[in-house]
Amino acid sequence: MNDGMSSIKDILSPFTAWKNLFKEPVTIKDPLRERPGAPRYRGFHKNDVNACIGCGTCESICENEAIDMVPVEGFNPKDGDSGLRPSIDYGRCCWCALCVDVCTTGSLTLSNEYTWVDTDSDNFRFIPGIDRKSWENNEPGWKKPGNGYELYDLERVKMEHLGPEQRDESFIEIIQGFSKEQAEKEADRCVECGICTATCPAHMGIPEYIKAIRNNDLEEGLRILYETNPLPEICGRICTHKCESVCSLNHRGEPISIRWLKRYIADQNPAEKYKEILETDTVNKNGKKVAIIGSGPSGLSAAYYLSKMGYEVEIFEKLPQAGGMMRFGIPEYRLPYDQLDKDINYILSLGVKIHYNITVGKDITLDKMGKEFDAVFAGTGLHLGRSTRVEGADHPHVYQAIELLRKITLEEEIHVAEKIVVIGGGNVAMDITRSLARLQKQKYGKVQVIATSLEVEEQMPADREEVVEAREEGATIFPGWAPQRIEIRDGKITGLHVVQCLSLFDAEGKFNPQCNLDNARFFEGDMVVESIGQGMDLSYISEDIKEDLEMGPRGRIKVNDYFQTSVPWLFMGGDTIQGPDVIHGIANGHKAALGIDKYLFGDKN
C-alpha cells in the first residue's frame with residue numbers, strides 16, 4: 001500500500017462531485033410510473049438457461065438460502081449439466097449479487113428491474129429464464145464484471161514436468177507432481193459444484209477429497225479416495241479424467257487438475273500407514289470364496305472390496321506380474337512400476353492371493369473354478385492386437401503395439417529398426433511411438449519414427465498432451481492418412497503407402513472411411529507397428545458355458561447392473577464389458593463386488 005498516494009486520493013475524492021455541477025439535470029416526467037433503476041442496479045434475476053449447467057455454486061454461496069436448484073422439464077441430466085436450474089425466493093434474497101459473481105458460466109445476471117406488484121406471494125419465487133418475466137430482455141443490470149474480477153483463479157497451477165531433453169532416452173516418470181503449496185493453491189480453485197462426481201464412472205467424492213487438501217487432512221483425503229477407488233496412485237497418473245472435461249471452471253477458464261490432486265493425496269500418504277488410516281487391520285471372514293480372472297483394474301478393484309467384506313479372494317493371472325493393461329500396456333514414463341505396486345501391494349496385504357502364470361482354460365478350467373468357488377469375476381483386458389490387413393501386413397517385421405509394449409515391460413528384447421512407421425492415433429499408438437522413440441535414441445542416437453492415423457489431428461482419440469509430447473521427443477505425426485499397402489522389396493519392408501482420408505463415418509454414423517486416392521504419400525520405414533485397437537480373448541470360456549451366456553450388442557456378453565452374466569455364479573467387467581479405460585474397470589469391479597455379495601447373501605449385508 002502506498003500511503004502517500006492514498007492520502008492524495010482521500011483529499012481529492014470529495015471534489016470529484018464537482019464534475020456533475022454542469023450536467024443536465026434528470027427530470028422524470030411521470031415519477032409514479034417511470035422509475036427506472038440505475039444501469040447497474042441489482043434487480044430481479046435473469047438466467048441464460050442454455051448456458052447454465054446447473055452447477056449450484058449460486059445456491060452454495062447464498063447465505064440467505066434464497067436459491068434452490070430444482071429440476072426443469074426439458075433439461076435432463078447429462079455429462080457436464082446436472083439438469084437443475086436455480087429457483088429464487090425473493091422473500092429471502094438480499095440482492096447482494098454474490099450468486100452472479102460466483103456463477104461459473106456467467107449465465108446468471110441481475111436486471112435493473114426492482115418494481116414488482118403482485119397479490120400472490122407465491123409468485124415471488126420463480127425460476128429465471130424458465131418462468132418468463134417482463135425484464136427478460138432488459139439489458140442494464142448487474143453482470144459479473146470483467147477485467148480479472150473473479151472469486152477464483154481461472155488458470156491452473158502449473159505442473160512441473162521433465163523437458164524433452166531430460167526424458168527422450170529413458171523411461172523415468174515425466175510428471176513431477178504437486179508440492180504442498182501447489183496442491184493447496186490448485187484445490188482453492190474448486191467451487192465444490194460436484195458436476196465432476198456425476199461424470200466420474202466411479203462417482204468419486206471429488207469435491208470432498210479436494211476439500212481435504214485445503215484442510216491439510218490428507219488421511220481423510222485417502223479415506224475418501226478408497227471409498228470408491230482402490231487404485232489412487234494409478235488413477236492419479238493415467239486416469240482419462242472425464243471429470244476434468246466437465247469441470248464447471250472449464251467454461252470460462254482451465255478445469256481443476258483433479259487427477260494431479262488425487263495423485264498428491266496418494267503420494268503423501270506412506271504405504272505402511274494405509275491399514276491404520278483405512279482401518280483394515282482386521283477383517284472378519286464370512287466363509288465364502290471368490291475367484292477372479294485377471295489382475296487388471298477391474299479384477300483388483302473387485303478383490304479389494306470383496307476382501308474388505310470378508311471374502312477369501314484368489315486372483316488367477318496369466319502373466320508373471322499383476323496389473324494387467326496398466327502394467328503391460330502403459331509405459332513406465334507415465335506410470336512408474338513402484339507406484340503401481342504401492343496400490344497392488346496394499347490390496348495383497350488384505351489377504352488377497354494371486355496365482356501367477358496361470359492361464360484359465362488351459363491350466364484350470366472356468367467350469368472347475370465355478371465349482372470350487374462361490375462366485376467368479378472375470379476382468380480380462382483387451383490383450384489382442386488388431387491388424388489393418390493391408391497388403392504386406394503379414395511380414396515378420398510388422399508388429400502389434402500391444403505385443404511390443406508387453407515385451408518392453410517384461411524387459412524382453414524387441415526388434416527396433418532405424419526407421420519405423422506406427423499406424424494409429426490413440427493413446428496406445430502414442431505409447432508405442434514414444435517408447436520406440438526412446439529405444440531408437442538409445443540404439444541409434446536419433447529418432448526416426450512416424451505415426452500416422454486415419455483421423456485428422458483434431459479428431460485423434462489420443463490425449464492432446466500425448467501427441468504434443470511425442471513430437472517433443474522427436475516423433476513425426478502425420479494425421480489424416482489411410483494405410484493402403486506396405487512396400488516390401490527383396491523381403492525387406494521399405495515403407496507404408498497411404499492416401500488422404502477424407503472422412504471416417506457415413507451419413508448413418510457407421511465407420512466407413514472415404515479416401516482421396518489421388519492424394520497419396522509414402523512413409524519410409526524398415527518396420528511397421530499397427531495400433532488400431534485391441535480385441536478380447538474369451539477362449540477361456542468353454543463352449544457349454546458360452547451356450548448359457550446371453551450376448552448383448554456388438555458381440556459383448558450381456559450383464560446386469562451388478563455385472564452378473566446369465567450364468568449366475570459368473571460376473572464379468574472391465575474392458576471386455578465396458579471401457580476401455582482404467583476408471584471404468586475400477587467402477588465395474590466395485591459394482592461387481594457388491595453384486596457378488598448380494599448374490600451370495602441377498603440384501604442382508
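Residue indices begin at 1 and follow the sequence shown.
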Chemist: Please determine whether a side-chain nitrogen of the Lys or Arg among Arg471 and Glu469 lies less than 4.0 Å from a carboxylate oxygen of the Asp or Glu.
Modeler: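 Answer for the salt bridge query: no.
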
Chemist: Given side-chain contact (heavy atoms from CB on, under 4.5 Å), test Gln534 with Asp575 step by step and report yes or no.
Modeler: CA-CA 10 Å; Gln534 292 88 241; Asp575 290 352; over 6 Å; no

Chemist: Taking the basic N atoms (NZ, or NE/NH1/NH2) and the acidic carboxylate oxygens, is any pair closer than 4.0 Å for Glu412 and Arg406?
Modeler: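 Salt bridge flag = no for Arg406 with Glu412.
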
Chemist: For Val416 and Tyr444, which heavy atoms make the closest approach, and how far apart are they?
Modeler: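 So the minimum-distance heavy-atom pair works out to O-OH, 2.8 Å.
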
Chemist: What I want to find out is whether Arg386 reaches Glu530 closely enough, with some N-O distance under 4.0 Å, to be called a salt bridge.
Modeler: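 Salt bridge between Arg386 and Glu530, a charged N being under 4.0 Å from a carboxylate O: no.
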
Chemist: Report yes if some heavy atom in the side chain of Gln440 is under 4.5 Å from a heavy atom in the side chain of Val449; otherwise report no.
Modeler: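 Side chain of Gln440 against side chain of Val449, heavy atoms only: contact under 4.5 Å found.
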
Chemist: Using a strict cut-off of less than 4.0 Å between a Lys/Arg side-chain nitrogen and an Asp/Glu carboxylate oxygen, indicate whether Glu418 and Lys443 qualify as a salt bridge.
Modeler: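 Answer for the salt bridge query: no.
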
Chemist: If the test is salt bridge (charged side-chain N to carboxylate O under 4.0 Å, His left out), which one of Lys262, Lys342, Arg237 qualifies with Asp267?
Modeler: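 For Asp267, the salt bridge (charged side-chain N to carboxylate O under 4.0 Å, His left out) test succeeds with only one of Lys262, Lys342, Arg237, which is Arg237.
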
Chemist: Run Asp597 and Tyr311 through side-chain hydrogen bond (donor to acceptor under 3.5 Å, both in side chains) and show every step you take.
Modeler: CA-CA 9 Å; Asp597 191 54; Tyr311 290 88; 2.6 Å; yes

Chemist: Check Glu465 with Arg259, please: is the shortest side-chain N to carboxylate O separation under 4.0 Å?
Modeler: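 Yes, Arg259 and Glu465 are salt-bridged.
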
Chemist: When the side chains of residues 356-364 are checked against the rest of the protein, which donor-acceptor pairs come out under 3.5 Å, sequence neighbours left out?
Modeler:
| from | atom 1 | to | atom 2 | distance (Å) |
| --- | --- | --- | --- | --- |
| Asp363 | OD2 | Thr359 | N | 2.7 |

Chemist: So, Glu219 and Lys273, do they make that salt bridge, N to O below 4.0 Å?
Modeler: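 Answer for the salt bridge query: yes.
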
Chemist: Are Lys591 and Tyr562 in a cation-pi contact, defined as NZ or CZ under 6.0 Å from the six-membered ring centre and within 45° of the axis?
Modeler: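 Geometry flag: set, cation within 6.0 Å and 45°.
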
Chemist: Has the side chain of Arg438 got a donor or acceptor atom that lies under 3.5 Å from a matching backbone atom of Asp168?
Modeler: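 Side chain of Arg438 to backbone of Asp168: no pair is present.
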
Chemist: Could you tell me if Arg263 sits above the aromatic ring of Phe178, with its cationic atom closer than 6.0 Å to the ring centre and no more than 45 degrees from the axis?
Modeler: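 Judged by the rule, Arg263 and Phe178 form no cation-pi pair.
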
Chemist: Which atoms form the tightest heavy-atom contact between Lys242 and Asp581, and what is the distance?
Modeler: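 Closest heavy-atom pair between Lys242 and Asp581: CE-OD2, 3.4 Å.
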
Chemist: Check this for me: does any side-chain nitrogen of one of Arg223 and Glu227 sit under 4.0 Å from a carboxylate oxygen of the other?
Modeler: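 Not counted as a salt bridge, because no side-chain N and carboxylate O are separated by less than 4.0 Å.
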
Chemist: Can you tell whether the side chains of Lys371 and Asp367 come within less than 4.0 Å, N to carboxylate O?
Modeler: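 A salt bridge links Lys371 with Asp367.
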
Chemist: Glu160: which residues meet the side-chain contact (heavy atoms from CB on, under 4.5 Å) condition with it, sequence neighbours left out?
Modeler: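 Partners of Glu160 by the side-chain contact (heavy atoms from CB on, under 4.5 Å) criterion, ordered by chain and then number, come out as Gln176, Gln182.
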
Chemist: How far apart are the closest heavy atoms of Ile402 and Leu384, and which atoms are they?
Modeler: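 Between these two residues, the closest heavy atoms are CG2-C, 4.3 Å.
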
Chemist: Just to verify, which of Ile432, Val421, Val398 counts as forming a side-chain contact (heavy atoms from CB on, under 4.5 Å) with Val529?
Modeler: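 Among the candidates, only Ile432 passes.
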
Chemist: With sequence neighbours excluded, what pairs up with Ala593 under the side-chain contact (heavy atoms from CB on, under 4.5 Å) test?
Modeler: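 Ala593 satisfies side-chain contact (heavy atoms from CB on, under 4.5 Å) with Tyr305, Leu306, Met309 once adjacent residues are dropped.
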
Chemist: Checking Lys289 against Phe373: charged group under 6.0 Å from the ring centre and within 45 degrees of the axis?
Modeler: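 Yes - Lys289 lies over the ring of Phe373, closer than 6.0 Å to its centre and within 45° of its axis.
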
Chemist: Looking at Arg389 and Asp394, is any side-chain nitrogen of the basic one under 4.0 Å from a carboxylate oxygen of the acidic one?
Modeler: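 Salt bridge: no.
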
Chemist: Short question: side chain of Ser301, backbone of Ile586 - any donor-acceptor pair under 3.5 Å?
Modeler: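 Confirmed, Ser301 side chain pairs with Ile586 backbone.
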
Chemist: Do Ser307 side-chain atoms and Leu350 backbone N/O form a donor-acceptor pair below 3.5 Å?
Modeler: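 Between the backbone of Leu350 and the side chain of Ser307 there is no qualifying donor-acceptor contact (under 3.5 Å).
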
Chemist: Is a donor on one side and an acceptor on the other found under 3.5 Å between the side chain of His395 and the backbone of Gly491?
Modeler: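 Yes: the side chain of His395 pairs with the backbone of Gly491.
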
Chemist: Please report the shortest heavy-atom distance between Gly426 and Pro461, naming the atom on each side.
Modeler: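 That closest heavy-atom pairing would be CA-CG, 3.8 Å.
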
Chemist: Compare every heavy atom of Asn269 with every heavy atom of Leu218, then report the nearest pair and how far apart it is.
Modeler: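 Distance-wise, the nearest heavy atoms are O-ND2, 3.1 Å.
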
Chemist: Using only atom types and a distance under 3.5 Å, with no angle test, would you say the side chain of Glu317 pairs donor to acceptor with the backbone of Ser295?
Modeler: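 Present.
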
Chemist: Quick one: closest heavy-atom pair of Ile265 and Gly221, and the distance?
Modeler: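 Reported closest heavy-atom pair: CG2-C, 3.7 Å.
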
Chemist: Can you list everything that forms a salt bridge (charged side-chain N to carboxylate O under 4.0 Å, His left out) with Glu372? Sequence neighbours excluded, please.
Modeler: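 By the salt bridge (charged side-chain N to carboxylate O under 4.0 Å, His left out) rule, Glu372 matches Lys368.
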
Chemist: side-chain contact (heavy atoms from CB on, under 4.5 Å) with Lys285: which residues, sequence neighbours excluded?
Modeler: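 Checked Lys285 against side-chain contact (heavy atoms from CB on, under 4.5 Å); matches are Glu312.
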
Chemist: Ignoring hydrogens and angles, tell me if any N or O in the side chain of Ser298 forms a donor-acceptor pair with the backbone of Gly589 under 3.5 Å.
Modeler: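 No; judged by distance alone, with no hydrogens or angles, the pair does not exist.
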
Chemist: Below 4.0 angstrom, N of the basic side chain to O of the carboxylate: do Lys441 and Glu473 qualify?
Modeler: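 Salt bridge between Lys441 and Glu473, a charged N being under 4.0 Å from a carboxylate O: no.
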
Chemist: What donor-acceptor contacts under 3.5 angstrom involve side-chain atoms of residues 322-329, with partners at least two apart or in another chain?
Modeler:
| from | atom 1 | to | atom 2 | distance (Å) |
| --- | --- | --- | --- | --- |
| Arg327 | NE | Ala322 | O | 2.5 |
| Arg327 | NH2 | Ala322 | O | 3.1 |
| Arg327 | NH2 | Asp341 | OD1 | 2.5 |

Chemist: Looking at Tyr346 versus Tyr274, is the centre-to-centre ring distance below 6.0 Å?
Modeler: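 That pair passes the under 6.0 Å test.
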
